[in-house]
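Each remark here refers to the structure printed beneath this line.
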Protein chains: 2
Amino acid sequence: MSLSKLKQKAFTNEEVKVEYDKLENEFSFANFLLEMRNKAGLTQADLAKLMNTSFTSISRLESGKGNPSLKTINNFAHACGFQLNFNYSRLS
Amino acid sequence: MSLSKLKQKAFTNEEVKVEYDKLENEFSFANFLLEMRNKAGLTQADLAKLMNTSFTSISRLESGKGNPSLKTINNFAHACGFQLNFNYSRLS
DNA sequence: TAGCTACTTATCATATATGATAAGTCTAAT
DNA sequence: ATTAGACTTATCATATATGATAAGTAGCTA
């Protein structure tokens with residue numbers, strides 16, 4: 001089983017996810033996107049249809065390739081049924 | 001005095017900002033960026049130098065033109081001395 | 001095995017974000 | 001009135017994100 005497959009499965013379990021997050025020191029934005037989609041219970045193909053794009057584009061984003069625009073990030077979240085929130089903290 | 005000038009001044013005052021946020025129903029990402037730069041006490045020119053770009057690009061972002069990439073947003077925050085945090089809530 | 005679903009990767013054309021430059025606006029001084 | 005600082009707007013070339021297509025990988029089930 002590949003790492004991304006494992007994550008995909010694991011993230012559907014809240015306890016596993018919490019443990020994973022504790023261990024993961026460098027938070028990946030790709031995982032953030034994957035998490036939203038999994039919480040929404042959508043396949044990449046489902047989400048692609050909602051976003052009027054191809055599922056390969058979804059895969060590209062969740063694989064950490066690319067550098068999505070604000071619009072793309074917001075579209076992704078909304079299609080998953082979520083509202084994005086941004087905040088900032090002093091850099092340590 | 002233009003609206004953006006007013007905001008720029010007002011946001012340096014925490015109380016004013018809080019009141020503004022209460023009234024503002026639709027949160028603008030441009031204001032979010034402006035707020036970070038003002039908190040950092042930087043001019044557009046200062047920030048531009050830190051980001052290795054021109055101050056007109058900063059203006060473009062803060063004026064709500066454009067659709068910044070994740071990289072640009074992170075560069076902006078870091079140059080202002082902040083760490084960005086993303087989270088999401090169920091869409092109502 | 002074969003066939004299916006979900007996903008990744010590679011490639012390409014096109015749309016768009018970015019960096020740069022020039023010109024204009026506004027405000028506060030001198 | 002004019003000079004300077006901070007910012008906005010317009011335009012253009014170039015870099016890059018996006019959408020689309022095709023081919024490959026992995027897991028599952030009959």
Side-chain angles (χ1 to χ4, degrees), chain A residues 1-13 16 28-80 84 86, chain B residues 1-13 16-17 20 28-80 84 86:
Chain A
M1 178 183 282
S2 69
L3 176 59
S4 56
K5 278 281 177 192
L6 173 64
K7 285 185 202 168
Q8 189 183 353
K9 282 206 163 182
F11 281 1
T12 61
N13 179 316
V16 172
S28 142
F29 191 78
N31 287 340
F32 177 74
L33 296 176
L34 178 59
E35 187 184 307
M36 278 195 289
R37 181 170 63 81
N38 285 334
K39 282 239 176 78
L42 298 169
T43 65
Q44 289 182 338
D46 293 334
L47 181 54
K49 188 162 275 185
L50 291 171
M51 289 177 67
N52 292 315
T53 184
S54 58
F55 70 97
T56 57
S57 295
I58 308 294
S59 174
R60 180 166 47 192
L61 295 175
E62 294 180 356
S63 303
K65 317 323 198 208
N67 173 29
S69 70
L70 183 62
K71 198 185 294 181
T72 299
I73 297 169
N74 269 318
N75 284 348
F76 193 108
H78 291 162
C80 290
L84 268 192
F86 301 87
Chain B
M1 176 183 283
S2 69
L3 176 59
S4 55
K5 278 281 177 190
L6 174 64
K7 285 185 200 166
Q8 189 183 353
K9 282 205 163 183
F11 282 0
T12 61
N13 180 317
V16 171
K17 190 209 154 300
Y20 181 89
S28 141
F29 191 78
N31 288 340
F32 177 73
L33 296 176
L34 178 59
E35 187 185 307
M36 278 196 286
R37 181 170 63 80
N38 286 334
K39 283 242 176 74
L42 297 169
T43 66
Q44 289 182 339
D46 293 335
L47 181 54
K49 188 161 276 185
L50 291 171
M51 289 177 69
N52 291 315
T53 185
S54 58
F55 72 97
T56 58
S57 294
I58 308 294
S59 174
R60 179 167 45 194
L61 294 175
E62 294 180 357
S63 303
K65 321 316 198 212
N67 172 27
S69 69
L70 183 61
K71 198 186 294 182
T72 299
I73 297 169
N74 270 318
N75 284 347
F76 193 108
H78 291 162
C80 290
L84 267 192
F86 302 87

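Proteins come first, then strands; the chains are lettered A, B, ... in the order of their sequence lines, and each starts at number 1.
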What is the distance, rounded to the nearest whole Å, between atom CG of Asn67(B) and atom C1' of dT18(C)? 12 Å

Between Ser69(B) and Thr72(B), do the side chains contain an N or O donor and an N or O acceptor separated by less than 3.5 Å? yes

In whole Å, I'd like the distance from the CZ atom of Phe76(B) to the C1' atom of dG19(C). 16 Å

When you measure only distances, ignoring hydrogens and angles, does the side chain of Thr72(B) come within 3.5 Å of the base of dT18(C) through a donor and an acceptor? no

Start with the C-alpha distance between Met51(A) and His78(A), add both sets of side-chain angles, then the distance that settles side chain to side chain contact (heavy atoms under 4.5 Å, CB included), and finish with yes or no. CA-CA 9 Å; Met51(A) 289 177 67; His78(A) 291 162; over 6 Å; no

Quick one, Ile58(B) and Phe76(B) - any side-chain contact, counting heavy atoms below 4.5 Å? yes

OP1 or OP2 of dT8(C) sitting under 4.0 Å from any side-chain N/O of Gln44(A)? yes

Length of the line joining Leu61(B):CG and dA6(D):P, which is rounded to integer Å: 19 Å

With nearest nucleotides of DNA chain D determined for Met51(A) and Phe55(A) from heavy-atom distances, which residue corresponds to the more 5′ nucleotide? Met51(A)

Could you tell me whether the side chain of Arg37(A) and the main chain of Leu42(A) form a donor-acceptor pair under 3.5 Å? yes

Rounded to whole Å, how long is the line connecting atom CZ of Arg37(B) with atom C1' of dT8(D)? 12 Å

Does the side chain of Ser69(A) get closer than 4.0 angstrom to OP1 or OP2 of dT18(D) through an N or O atom? yes

Assign Thr43(A) to base, sugar-phosphate, or nothing according to its heavy-atom contacts below 4.0 angstrom with the strands shown. sugar-phosphate

Can you label the angle between the Phe29(B) ring and the Phe86(A) ring as parallel, tilted or perpendicular, going by 30° and 60°? perpendicular

For dT9(C), does either OP1 or OP2 sit under 4.0 Å from a side-chain N or O belonging to Ser59(A)? no

Any Thr53(B) side-chain N or O less than 4.0 Å from OP1/OP2 of dG19(C): yes

For a quick test of reading the model: is some side-chain N or O of Lys65(A) closer than 4.0 Å to OP1 or OP2 of dT9(C)? yes

Looking for any heavy atom pair under 4.0 Å, which part of the strands does Ser57(B) touch: base, sugar-phosphate only, or nothing? base

I'd like to know if Thr56(B) reaches the base of dT21(C) with its side chain such that a donor and an acceptor end up less than 3.5 angstrom apart. yes

Just how far, in rounded Å, is C1' of dT18(C) from CD1 of Ile73(B)? 14 Å

Measure NZ/Lys71(B) against C1'/dT16(D) and give the value in whole Å, please. 8 Å

Arg60(B) side chain near dT21(C) phosphate (N/O to OP1/OP2, under 4.0 Å): no

